[in-house]
S.K.: 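Sharing a structure below in structure tokens format, with a few things to ask.
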Number of protein chains: 2
Amino acid sequence: MSEVITQSIQDYLKHIYELNENGGSASTNDLAARLNIAPASVTGMLQKLANAKPPLVIYKKHQGVTLTKNGEKAALEVIRHHRLLETFLVNTLGYSWDEVHFEAEKLEHVISEDFEARMAAALGHPTRDPHGELIPTVDLTMPVDESRPLASLRTDETATVRRVSDDDPALLRHLLEIGVVPEAKITVKSYSEFDGNLTIKIEGQKSNIVLGTAVTNQVFVEK
Amino acid sequence: MSEVITQSIQDYLKHIYELNENGGSASTNDLAARLNIAPASVTGMLQKLANAKPPLVIYKKHQGVTLTKNGEKAALEVIRHHRLLETFLVNTLGYSWDEVHFEAEKLEHVISEDFEARMAAALGHPTRDPHGELIPTVDLTMPVDESRPLASLRTDETATVRRVSDDDPALLRHLLEIGVVPEAKITVKSYSEFDGNLTIKIEGQKSNIVLGTAVTNQVFVEK
DNA sequence: CAAAAAATTTAGGCCAGACTAAAATATTTT
DNA sequence: AAAATATTTTAGTCTGGCCTAAATTTTTTG
């Protein structure tokens with residue numbers, strides 16, 4: 001008899017998933033920071049999730065945490081909800097891409113599978129959300145992301161923007177303004193060894209743009 | 001410093017509002033039945049709501065409960081969410097009118113004021129939901145409902161269906177099938193003193209229909 | 001109008017999920 | 001490699017919102 005996956009648990013699993021994506025296991029402290037919860041409370045929850053039947057995470061004291069297959073499915077379910085919702089809010093209710101995150105964050109825990117299916121159908125089964133992030137498939141597998149940080153490009157390299165981080169509305173507004181959006185074609189004009197700045201040219205625009213690493217690490221491109 | 005209105009509290013207020021609509025104050029037991037919560041638990045919550053600052057309900061031991069102005073506003077907010085959501089789900093995602101209730105029940109506690117406003121605009125600021133129930137206005141007043149139970153009509157009286165109860169999906173499917181929907185024009189052909197059955201004719205249909213009180217008390221009409 | 005029945009409240013508990021303070025373990029620095 | 005620092009865990013608490021059992025109050029009825 002598998003136990004109930006509360007909203008709170010969904011949040012833990014989602015953030016563990018995201019922390020696992022970059023590098024190995026998620027640390028108690030990182031998780032606590034993301035969830036805005038005291039580290040001690042996180043430890044308690046991880047113990048609970050590791051002892052659940054079936055276990056949702058693999059957790060050894062002081063060694064961080066990763067998801068089990070079950071935990072990953074639950075995480076992908078929430079992420080699918082989140083990204084479909086963001087797409088839906090933009091397409092159907094005219095939200096701008098910097099406004100959708102918090103609304104989706106609340107709704108993702110609450111909608112039914114029926115709602116999810118209807119949204120997906122109404123949107124034509126999209127594969128990416130408005131920020132270009134990949135939407136887990138209906139059978140809960142995450143498509144492979146081939147993109148890498150814009151910051152990793154060097155002079156004369158050309159690439160297409162695939163996705164941008166969605167959690168800072170101010171950054172999103174800025175990116176939209178300067179035209180750094182999914183599908184934009186970018187050529188690197190120069191790279192500054194010194195501060196990591198990239199001077200880029202966006203296809204269809206007249207002037208070049210200089211971006212610092214605070215930006216180029218949040219933008220992901222593909223050749 | 002006004003206290004937090006949790007989802008649970010929203011549910012209490014909503015159901016108190018609905019119980020107050022028919023007749024005076026809501027009883028502990030009725031509330032408990034509606035909320036699927038033990039009566040003892042309801043007592044506890046009512047004491048808490050009555051002592052909140054500002055108070056959300058007026059409650060005297062053994063004498064039932066009514067809403068304060070503050071409590072009523074909070075209730076109308078939730079009801080506005082619920083009814084806009086039902087309308088939105090039907091219009092935008094193709095839900096049928098018997099499927100929307102439970103989805104709206106969960107979403108109503110979670111959507112932002114922005115979401116509410118965008119829905120209302122997208123729907124053209126509707127005044128009734130798919131079941132014909134009045135939607136509280138944006139400034140949280142409830143329009144006056146002039147309708148009365150179909151059960152109160154007698155032979156040869158004619159009226160227009162305004163709304164139907166939305167909480168029994170099976171009834172809703174049945175009503176749709178026989179054509180008892182908002183705006184349908186009905187004439188009472190006969191009334192059975194004995195069992196309260198009404199034989200009615202719906203404008204545009206060939207044959208008469210016989211309805212028992214289980215149905216006619218859930219359908220509301222206006223001359 | 002008193003006894004029985006129904007409704008309501010009190011009392012005492014439980015659980016999830018958070019918190020703080022203190023203890024233990026890991027990691028970094030010197 | 002010992003000391004200093006950072007991270008993580010343990011221990012103990014709190015709050016919201018529910019529960020059951022028992023006591024009390026109100027209502028119904030013979």
Side-chain angles (χ1 to χ4, degrees), chain A residues 1-16 19-20 23-53 55-66 71 74-75 78 105-106 109-110, chain B residues 1-16 19-20 22-53 55-66 71 74-75 78 105-106 108-110:
Chain A
M1 194 108 290
S2 82
E3 286 146 72
V4 179
I5 296 184
T6 63
Q7 293 199 10
S8 175
I9 292 176
Q10 289 179 0
D11 274 332
Y12 276 89
L13 297 177
K14 183 175 74 163
H15 284 104
I16 294 168
L19 287 168
N20 283 174
S25 61
S27 77
T28 301
N29 253 16
D30 288 356
L31 251 183
R34 290 231 185 184
L35 293 164
N36 258 299
I37 282 173
S41 308
V42 171
T43 299
M45 179 61 97
L46 293 182
Q47 291 167 341
K48 177 179 155 182
L49 296 180
N51 295 326
K53 285 177 272 188
L56 297 170
V57 304
I58 295 160
Y59 167 68
K60 289 249 172 63
K61 268 192 197 182
H62 297 278
Q63 293 179 207
V65 66
T66 56
V78 180
E105 198 102 276
K106 292 180 298 175
H109 305 296
V110 166
Chain B
M1 195 109 291
S2 80
E3 287 146 68
V4 179
I5 296 184
T6 62
Q7 294 200 10
S8 174
I9 292 176
Q10 289 180 1
D11 274 332
Y12 276 88
L13 296 176
K14 183 175 75 162
H15 283 103
I16 294 168
L19 287 168
N20 284 174
N22 349 314
S25 61
S27 77
T28 302
N29 253 17
D30 289 355
L31 252 182
R34 289 230 186 186
L35 293 164
N36 257 301
I37 283 173
S41 308
V42 171
T43 299
M45 180 61 98
L46 293 182
Q47 292 168 340
K48 177 178 154 183
L49 297 179
N51 295 326
K53 286 178 270 189
L56 297 170
V57 305
I58 296 160
Y59 167 68
K60 290 251 171 62
K61 268 192 197 181
H62 297 280
Q63 295 179 204
V65 67
T66 57
V78 180
E105 199 101 276
K106 292 180 297 174
E108 66 189 12
H109 305 296
V110 166

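Note that the coordinates shown come from a computational prediction; the quantities given were computed from them, not determined experimentally.
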S.K.: Chain A on DNA chain C: first and last contacting nucleotide, 5' to 3', under 4.0 Å to a heavy atom?
M.R.: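 Nucleotide range with atoms under 4.0 Å of chain A: C:dA16 to C:dT25.
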S.K.: Scan residues 31-45 of chain A for pairs that pass salt bridge (charged side-chain N to carboxylate O under 4.0 Å, His left out), counting only residues two or more places apart or in two chains.
M.R.: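 For residues 31-45 of chain A, and leaving out neighbouring residues, the salt bridge (charged side-chain N to carboxylate O under 4.0 Å, His left out) pairs sorted by first residue read A:Glu18-A:Arg34.
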S.K.: So what does A:Thr28 hit on the nucleic acid, given a heavy-atom distance under 4.0 Å: a base, only sugar-phosphate, or nothing?
M.R.: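 Counting heavy atoms under 4.0 Å across all strands, the contact made by A:Thr28 is with sugar-phosphate only.
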S.K.: Can you tell me if A:Tyr59 touches the phosphate of D:dT8, counting only side-chain N or O atoms and a distance under 4.0 Å to OP1 or OP2?
M.R.: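 For A:Tyr59, the contact criterion (side-chain N or O under 4.0 Å from OP1 or OP2 of D:dT8) is not met.
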S.K.: Run the side chain to side chain contact (heavy atoms under 4.5 Å, CB included) test against B:Ser25 and tell me which residues pass, sequence neighbours left out.
M.R.: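 Side chain to side chain contact (heavy atoms under 4.5 Å, CB included) check on B:Ser25 returns B:Thr66.
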S.K.: Which residues pass the side chain to side chain contact (heavy atoms under 4.5 Å, CB included) test with B:Ala74, sequence neighbours left out?
M.R.: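 Per chain and number, B:Ala74 pairs via side chain to side chain contact (heavy atoms under 4.5 Å, CB included) with B:Ile5, B:Leu13.
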S.K.: Using side-chain heavy atoms (C-beta onward) and a distance below 4.5 Å, is B:Glu108 in contact with B:Gln10?
M.R.: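 B:Glu108 vs B:Gln10: side chains apart.
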S.K.: Only distances under 3.5 Å count here; give the side-chain donor-acceptor pairs of residues 38-51 of chain A to other protein atoms, sequence neighbours excluded, each with its distance to 0.1 Å.
M.R.:
| residue | atom | partner | partner atom | Å |
| --- | --- | --- | --- | --- |
| A:Thr43 | OG1 | A:Pro39 | O | 3.4 |
| A:Asn51 | ND2 | A:Gln47 | O | 3.0 |

S.K.: According to side chain to side chain contact (heavy atoms under 4.5 Å, CB included), who are the partners of A:Lys61, at least two apart in sequence or on a separate chain?
M.R.: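 In terms of side chain to side chain contact (heavy atoms under 4.5 Å, CB included), with neighbours along the sequence ignored, A:Lys61 is linked to no residue.
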S.K.: Could you work out, with side-chain hydrogen bond (donor to acceptor under 3.5 Å, both in side chains) as the rule, every residue matching B:His15, not counting sequence neighbours?
M.R.: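 Listed in chain order: nothing, the list is empty.
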S.K.: Could you write nucleotides 14-26 of chain D as a row of B, S and -, 5' to 3', where a protein heavy atom under 4.0 Å of any base atom gives B, of only sugar-phosphate atoms gives S, and otherwise -?
M.R.: --SSSBBB---SS
S.K.: By side-chain hydrogen bond (donor to acceptor under 3.5 Å, both in side chains), which residues pair with B:Asp11, not counting sequence neighbours?
M.R.: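 So B:Asp11 forms a side-chain hydrogen bond (donor to acceptor under 3.5 Å, both in side chains) with B:His109.
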